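Only a predicted model underlies this, so the values are computations on that prediction, with no experimental measurement involved. Per chain, numbering begins at 1; letters A, B, ... match sequence-line order.
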Number of protein chains: 2
Amino acid sequence: MSTERASDRAYASLRAAIVDWELEPGTVLQEVEQAARLGVSRTPLREALSRLASDGLVEPLPGRGLVVSAFSLEDVAQLYELRAALETHAARLAAARHRAEPFQELEAAFTRVADVLDDDDEAHHGYYALVARFDAAIDEAVGNRFLVADLQSMRAHLARARRLSRRSQQRLTSAAAEHLAIVRAILDGDGELAANATHVHLSNALRSIRQTAPAAHASEHD
Amino acid sequence: MSTERASDRAYASLRAAIVDWELEPGTVLQEVEQAARLGVSRTPLREALSRLASDGLVEPLPGRGLVVSAFSLEDVAQLYELRAALETHAARLAAARHRAEPFQELEAAFTRVADVLDDDDEAHHGYYALVARFDAAIDEAVGNRFLVADLQSMRAHLARARRLSRRSQQRLTSAAAEHLAIVRAILDGDGELAANATHVHLSNALRSIRQTAPAAHASEHD
DNA sequence: CGCATCCGCTGTGTATGCACACGACCGCGA
DNA sequence: TCGCGGTCGTGTGCATACACAGCGGATGCG
């Protein structure tokens, strides 16, 4: 108990499983079953499920219980509408804050992006780790608890989209270049450029997903 | 029990109390005390508190327990940054959807706004009810579960700001005119105008709050 | 008189038991 | 054979009991 609360472990475990598509959309989550699987009792598990429902990762099944929420290409499109709203604004704010240090490091990292994209198998992990650093820098720069809360909540859904399509190494290279443009705009304090560069990046990212994703997938009840 | 779940009642009750400033920022919420007050046991109350924490309306107290989250003028400023990001985008999307019906009614309602502003005491309620209809129309028009979820979560915090300053009747009249501009832009399908009109409205609303609010208020620990 | 330590209290976190609602299955009757 | 009703099982929602950690006060020692 001193290590960590059981409800936190259950939440983290379930959330990771949903994001990694180990629990696929439409999967019914029964309390006793999941509690046994995770080695906790029903009480902390219920708290974990409640938090997942607040995140929108699970939804109440009208009849009974909870199911892992659907995640179709249509959902990705909607998610990218929200992402555009939040991230273009966040980039604009970050540029206005004039916090140079973390973005100078990011500029160097995105410039040397070939390093992390060398390994075919690990290219995605390296790129995603870099993006995580970028996201953290944005969060710190905007310094807005409301905006950051929505950004972080959104990123869980965004991570689900990663399993929906196969990103080519070429796309990752382009994405890194787009990030570099955003970082440089922020360093220049050019909020409009940062917002527009973000818009461009999101547009390309969504197009890439659409082009490489399977035709249809993941209805709630499949 | 068939009527409604105890945890839902507890959540709704606590949420309303926080939004209406009956529970002021910094108030420590103890489980047994609140459970007794609301006539439920600790289990559903804990679920309610968990949801409030997800909403950001309460925050974990480092030592122990939960407190009603702080809400200062600085927080209002941050909240309005998020609001600008979400609502300008939502207005743009609503204009693109071309769903005329609800907005035609709203155009008429905002034009006849003098009707609801007649009564000095009830002017705020009438205006807020009108805004609620506007918000609902936006939600329906954007048809985006992710964006709508963030909008609705944000509105709880926004409602807290209403107690922070005194809106004059003149300001309400102006606000209604600003809403009218947004509604007409949506009806015209002019997304950029809708976004910019929203931006103008939010700027004026925030200025009004700043001008009429007390100098400082509501630190977390007072 | 000051400080450290021990003890008890308070309150959270977790486990478990209980009640009820919904659905499925089975048996009976037409 | 088909329709209907009753009964049982499954699973959630709620209540309560228990364990433990943090904190404050009291007490004893220096």
_With a 4.0 Å cutoff (strictly under), does any side-chain N or O of B/Ser7 reach OP1 or OP2 of D/dC14?_
yes
*C/dT14 C1' sits how many Å from A/Leu38 CG, rounded?*
15 Å
*Can you tell me the distance, in whole Å, between the CD atom of A/Gln34 and the C1' atom of C/dA15?*
18 Å
_What is the distance, to the nearest angstrom, from the CG atom on B/Leu61 to the C1' atom on C/dG11?_
12 Å
*Return the value, rounded to whole Å, for the distance between atom CD of B/Glu4 and atom P of C/dA21.*
15 Å
*Whole-Å distance between D/dG13 C1' and B/Asp8 CG?*
11 Å
_Side-chain ion pair, A/Asp8 and A/Arg15, N-O less than 4.0 Å_ = no
*Answer with yes or no whether B/Arg42 presents, from its side chain, a donor or acceptor under 3.5 Å of a partner atom in the base of C/dG13.*
yes
*First encountered from the 5' end of DNA chain D, between B/Gly39 and A/Val32*: A/Val32
*Atom-pair distance (CG on A/Leu45; P on D/dG11), nearest Å*: 14 Å
*Which residue pairs pass the ring-ring contact (aromatic ring centres under 6.0 Å, His included) test with at least one member in residues 140-162 of chain A, sequence neighbours excluded?*
A/Phe146-B/His157, A/His157-B/Phe146
*Just checking, is any N or O donor in the side chain of B/Arg160 or B/Ser69 under 3.5 Å from an acceptor N or O on the other one?*
yes
*asked:* Nearest heavy atom decides the nucleotide; on that basis, is A/Val40 or B/Val28 closer to the 5' end of DNA chain C?
replied: B/Val28
*Any side-chain N or O of B/Arg46 under 4.0 Å from OP1/OP2 of C/dT12?*
no
*Write down the distance between CD (A/Glu33) and P (D/dG11), rounded to a whole number of angstrom.*
9 Å
*Which nucleotide in the list C/dT16, C/dT12, D/dG13 gets nearest to the side chain of B/Glu31?*
C/dT12
*asked:* Check this one for me: any side-chain N or O of B/Thr43 less than 4.0 Å away from OP1 or OP2 of D/dC14?
replied: no
*Starting at atom CZ of B/Arg5, determine the distance to atom C1' of C/dA21, rounded to an integer number of angstrom.*
13 Å
*salt bridge (Lys or Arg N to Asp or Glu O under 4.0 Å) partners of B/Arg145, counting only residues at least two apart*: A/Glu59, A/Asp75
*Would A/Ser165 and A/Arg171 count as a side chain to side chain contact (heavy atoms under 4.5 Å, CB included) if you check the C-alpha gap in whole Å, the side-chain angles of each, and the deciding distance to 0.1 Å?*
CA-CA 12 Å; A/Ser165 72; A/Arg171 172 61 202 142; over 6 Å; no
